[in-house]
There are 2 protein chains.
Amino acid sequence: MAPTHTTTDVFSAIAEPRRRQIIDLLSRHRCLAVGTIVLTLGLPQPAVSKHLGVLRDVGIVSVSKHGQQRVYALNHEQLRPVYDWIKTFDQYWNRQLDRIRERAERRALAQSNSPEAPTRKKGTP
Amino acid sequence: MAPTHTTTDVFSAIAEPRRRQIIDLLSRHRCLAVGTIVLTLGLPQPAVSKHLGVLRDVGIVSVSKHGQQRVYALNHEQLRPVYDWIKTFDQYWNRQLDRIRERAERRALAQSNSPEAPTRKKGTP
DNA sequence: TTGATATATTCCGTTATTGGAATATAATGT
DNA sequence: ACATTATATTCCAATAACGGAATATATCAA
């Protein structure tokens, strides 16, 4: 049948590289007018408007009128589902880091015990 | 033109809910045969095979032959780009939490200083 | 009102994605 | 060789997504 409606799914909304660009840009400023986004990213204006529309539908950004320009701001909370999902895997990377650190520390300890011993294997001399 | 090729983009690969289901399942087991995934998730076998194909192309999972079954395992590292990207926003949520905690602590402190004072505003009595 | 600027929307053509059914391939057992 | 099990692939139809050009809407200025 059909791909999962990007309009209702945060994961699909952030799948688009340019939408992530927009999000990244917005995250570095409290709010931005469409024109600024267009100029900064160098994308065609209709494209930006359409991507902002998707992000708006999902709730990732919100708009407010300021004169004749529309100012967009990022709603960080809406990105939390992504963080919560991916977060469950970070233990693997962190464990990996822990392992590396532990090994380094063990090695450093061995070094300090016998400064002239070869790095490789202590063995029984 | 066309949507971003899911085959080369981790973000697009994880946009599919059922693929996330498969990833979740695989993350809870060191490795799983296709048949097990089919039975566990209750999805049609061709669907599972196809989704696994996408995940395989992106490198999120890897296969090995065991008899006549293909055993899939999750490559956690491949999910890191997603974590790295979303992680840059977690400061907002955490700051929010910090703010809440700090306020609670301040309130608790105020309470302990004047146990009978109203919660609202200390003022000059 | 007219004109200019800022943004949104619509229309169109192309391509991708998904599910489902059927089929193909591979390994195993008899 | 043949049947069985496990998995992958192919074919199809429906739909959705994207980019680009053109156009519509809204706001402000003169």
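All figures in this text were calculated on a predicted structure; none of them were measured in a lab. Chain naming here is simple, since letters A, B, ... match the order of the sequence lines and numbering starts at 1 in each.
Of the possible polar contacts, one joining the A:Tyr92 side chain to the B:Ser27 backbone as a donor-acceptor pair under 3.5 Å is found. Formation of a donor-acceptor pair under 3.5 Å by the A:Ser49 side chain with backbone atoms of A:Pro46 is not found in this model. Using modelled atom types, no side-chain atom of B:Glu16 and backbone atom of B:Ala13 make a donor-acceptor pair closer than 3.5 Å. A donor-acceptor pair under 3.5 Å links the side-chain atoms of B:Arg20 to the main chain of B:Ile14, judged by distance alone.
The shortest distance between side-chain heavy atoms of A:Val61 and A:Leu74 falls below 4.5 Å. Contact check for B:Leu79 versus B:Ile23: side-chain heavy atoms found under the 4.5 Å cut-off.
For the OP1/OP2 pair of C:dG19 and a distance below 4.0 Å, the side-chain nitrogens and oxygens of B:His51 include at least one atom meeting the criterion. At the phosphate of C:dA8, OP1 or OP2 sits under 4.0 Å from a side-chain N or O atom of A:Tyr72. Proximity of B:Arg18 to the phosphate of C:dT18: no side-chain N or O atom is located under 4.0 Å from OP1 or OP2.
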Reading 5' to 3' through nucleotides 22-30 of chain D, protein heavy-atom contacts under 4.0 Å coded B for base, S for sugar-phosphate only, - for none: B----BS--
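Rounded to whole Å, the distance from CD on B:Glu16 to P on C:dA16 is 17 Å.
Out of C:dG19, C:dT9, D:dA8, the shortest distance to the side chain of B:Lys50 is found at C:dG19.
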